[in-house]
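Being a predicted model, the structure only gives us computed values, none of them experimental.
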There are 2 protein chains.
Amino acid sequence: MAKAARKYLDAADREQQILEFAIDFVAQRGLRFTTRELADALGVSQPLLYRYFKNRDDLLQKIYDEVYLKRWDPGWNELLADRSISIRERLVLYLRAYTAAILDERWIRIFIASALEDPQITQKYLGLLHETTFPLIFAEIAAEAGVAVPSGPKADELVLEIVWGFHSSFFYMGVRKYVYRNKIPDDLDPIIRARVEVFVTGLAASMGNLGQFLPEVEAGQ
Amino acid sequence: MAKAARKYLDAADREQQILEFAIDFVAQRGLRFTTRELADALGVSQPLLYRYFKNRDDLLQKIYDEVYLKRWDPGWNELLADRSISIRERLVLYLRAYTAAILDERWIRIFIASALEDPQITQKYLGLLHETTFPLIFAEIAAEAGVAVPSGPKADELVLEIVWGFHSSFFYMGVRKYVYRNKIPDDLDPIIRARVEVFVTGLAASMGNLGQFLPEVEAGQ
DNA sequence: GTGATAATTTATCAATTGATAATTTCCTAT
DNA sequence: ATAGGAAATTATCAATTGATAAATTATCAC
């Protein structure tokens, strides 16, 4: 209560307040905002921003750091690798956690807007998925199906693309909701379950035949 | 040749030239461009833009019209409905045409950027997919598998979500390539074939079981 | 309470920006 | 070749914008 009534906040509190507010603000407005608009909306003077942030770009950088950090739970990969549970169950559990983390207006809109502006910002996050999580998902489905993972560079590529297609469909729900402003179902559980079912069933059944889609030279590997 | 040497273009030609150039320019730069930057890049004076476009927003509107119109081929839905071909083949043919049309830097980046700015701009295009193409894809897979399409509002929703997940994975390749600037395979054909195989196989095999993911009240329908 | 200090605002600048008006340059019909 | 009109540029404006400096106000230790 004491703090809420204060007009002059501690520097640390004010900085945090501005940052939090700016995240929401930028999520809604995009990168096309002026420092005055931001300050007005927050109810402080425009030069005050420059006490806490070197300049406009510095504020944006801090926004990205705040939004992207702390969103990735390293435990997810362990969960996906835990063979005491069926792969369908693991995927459902993982995707529940994943969608809960990223299906957030600020996360989705700032992710897309910043990637449009400068793809490097989102590179690190995407690398995590691409290098670790995707191969893991594919390998675990293959293991449970008792099928060998196709090997070779073109096969690796194809495998990654298949998982990309599956995995991105969940991020894309966020795009539909917070970028396109489409209505999406409130309860994601049936969708997660159904998509996992279709994907795992389809992949397990057709994994042995994927070789036919590869170029001749590698098809036999 | 004659026209290329002219300094003063016919009004219609100049307007078209500015518009084409602006599409590339905006695709790369996003909506945060100034009329001077655009004019300088094109090599004309900044006020010239105002001879052909009422104002900055008018130019943007014309860009959207030019980019979105003429991209949707009504023949695609007919193709998807043509039962003289297997549904796998139809999907492959459709997705080849679809990806060829939309996996274009200008289309993808302007689509995303404009949706972030104002979702209404992309609404009409998305409605076409959602209302017509998606139900059609699901129905045709069900027909070939000899399974009844689940019915009821929640089932309809689930069906749409399943197809959304599949279909959007192709648009999303464009996002990866032109927004995230990730490398994606040059040859999409194996990916299209593999994803179609996984999806159709998985959906045909599990369609009868989708009811289990619906809420109790409707599960029996 | 009072003064020192930190937090905030007001005042202000130079550069940028969308837009308009005045002027100049090019093209074409005759 | 030239006059008239269309096309384009130069000049300019008022508003906006990121950023800084000076002045003011709140808070806290004593």
**Request:** Give the angle between the helix axes at the two ends of the helix from C:dG1-D:dC30 to C:dT30-D:dA1, taking five base pairs at each end and rounding to 10°.
**Result:** 10°
**Request:** On the 0 to 90° scale, with breaks at 30° and 60°, tag the A:Phe111-A:Trp107 ring pair as parallel, tilted or perpendicular.
**Result:** tilted
**Request:** Taking heavy atoms of chain B and a 4.0 Å limit, find me the 5'-most and 3'-most nucleotide of DNA chain D within that range.
**Result:** D:dA6 to D:dT12
**Prompt:** Residues in side chain to side chain contact (heavy atoms under 4.5 Å, CB included) with B:Ala194, at least two apart?
**Reply:** A:Leu158, A:Ile162, A:Leu210, A:Phe213
**Request:** Round to a whole Å and report the spacing from CG of B:Asp13 to P of C:dC26.
**Result:** 18 Å
**Prompt:** Taking atom P of C:dT5 as reference, at what distance in whole Å does atom CG of A:Asp10 sit?
**Reply:** 17 Å
**Asked** What is the distance from CD of A:Glu15 to C1' of C:dT8, rounded to the nearest Å?
**Response** 16 Å
**Prompt:** Under the side chain to side chain contact (heavy atoms under 4.5 Å, CB included) test, which residues partner B:Glu131, sequence neighbours left out?
**Reply:** none
**Request:** Kindly state each residue pair satisfying salt bridge (charged side-chain N to carboxylate O under 4.0 Å, His left out) with at least one member in residues 159-176 of chain B, sequence neighbours excluded.
**Result:** A:Glu161-B:Arg176, A:Arg176-B:Glu161, A:Arg195-B:Glu161
**Message:** Would the distance check show the side chain of B:Arg106 and the main-chain N or O of B:Val67 forming a donor-acceptor pair, the cut-off being under 3.5 Å?
**Reply:** no
**Complete:** Rounding to 0.5 Å, atoms CZ (B:Phe170) and CD1 (B:Ile191) come to a distance of 8.5 Å
**Request:** Could you tell me whether a side-chain N or O of B:Asp73 sits under 3.5 Å from a main-chain N or O of B:Gly75, the two making a donor and an acceptor?
**Result:** yes
**Message:** Give me each pair satisfying side chain to side chain donor-acceptor pair (under 3.5 Å) with a member in residues 38-47 of chain B, each pair once, sequence neighbours excluded.
**Reply:** B:Thr35-B:Gln46
**Asked** How do A:Tyr8 and A:Arg36 order along DNA chain C: which one's closest nucleotide is nearer the 5' end?
**Response** A:Tyr8
**Message:** List the residues meeting side chain to side chain donor-acceptor pair (under 3.5 Å) with A:Gln120, not counting sequence neighbours, and say none if there are none.
**Reply:** none
**Request:** Would you jot down, in residue-number order, the residues of residues 23-34 of chain A having a non-hydrogen atom under 4.0 Å from DNA chain D?
**Result:** A:Phe33, A:Thr34
**Message:** Between B:Ala11 and A:Glu37, which residue's closest nucleotide on DNA chain D lies nearer the 5′ terminus?
**Reply:** B:Ala11
**Prompt:** Using a heavy-atom distance cut-off of less than 4.0 Å, which residues of residues 46-57 of chain A contact DNA chain C?
**Reply:** A:Pro47, A:Leu48, A:Arg51, A:Tyr52
**Request:** Can you sort out the partners of B:Ala41 under side chain to side chain contact (heavy atoms under 4.5 Å, CB included), two or more places apart, ordered by chain and number?
**Result:** B:Phe21, B:Phe25
**Request:** Scan for salt bridge (charged side-chain N to carboxylate O under 4.0 Å, His left out) pairs involving residues 45-61 of chain A, sequence neighbours excluded, and state none if there are none.
**Result:** A:Asp58-A:Lys62
Side-chain donor-acceptor pairs under 3.5 Å in residues 89-101 of chain B, sequence neighbours left out?
from    : atom 1 : to       : atom 2 : distance (Å)
B:Arg90 : NE     : B:Asp82  : O      : 3.1
B:Arg90 : NE     : B:Ile85  : O      : 2.9
B:Arg90 : NH1    : B:Leu80  : O      : 2.8
B:Arg90 : NH1    : B:Glu140 : OE1    : 2.7
B:Arg90 : NH2    : B:Ile85  : O      : 3.1
B:Tyr94 : OH     : B:His167 : NE2    : 2.6
B:Arg96 : NE     : B:Asp189 : OD1    : 2.7
B:Arg96 : NH2    : B:Asp189 : OD2    : 3.1
B:Tyr98 : OH     : B:Tyr125 : OH     : 3.3
B:Thr99 : OG1    : B:Leu95  : O      : 2.7
B:Thr99 : OG1    : B:Arg96  : O      : 3.1

**Request:** May I ask you to decide if the ring planes of B:Trp164 and B:Phe134 are parallel, tilted or perpendicular, using 30° and 60° as cut-offs?
**Result:** perpendicular
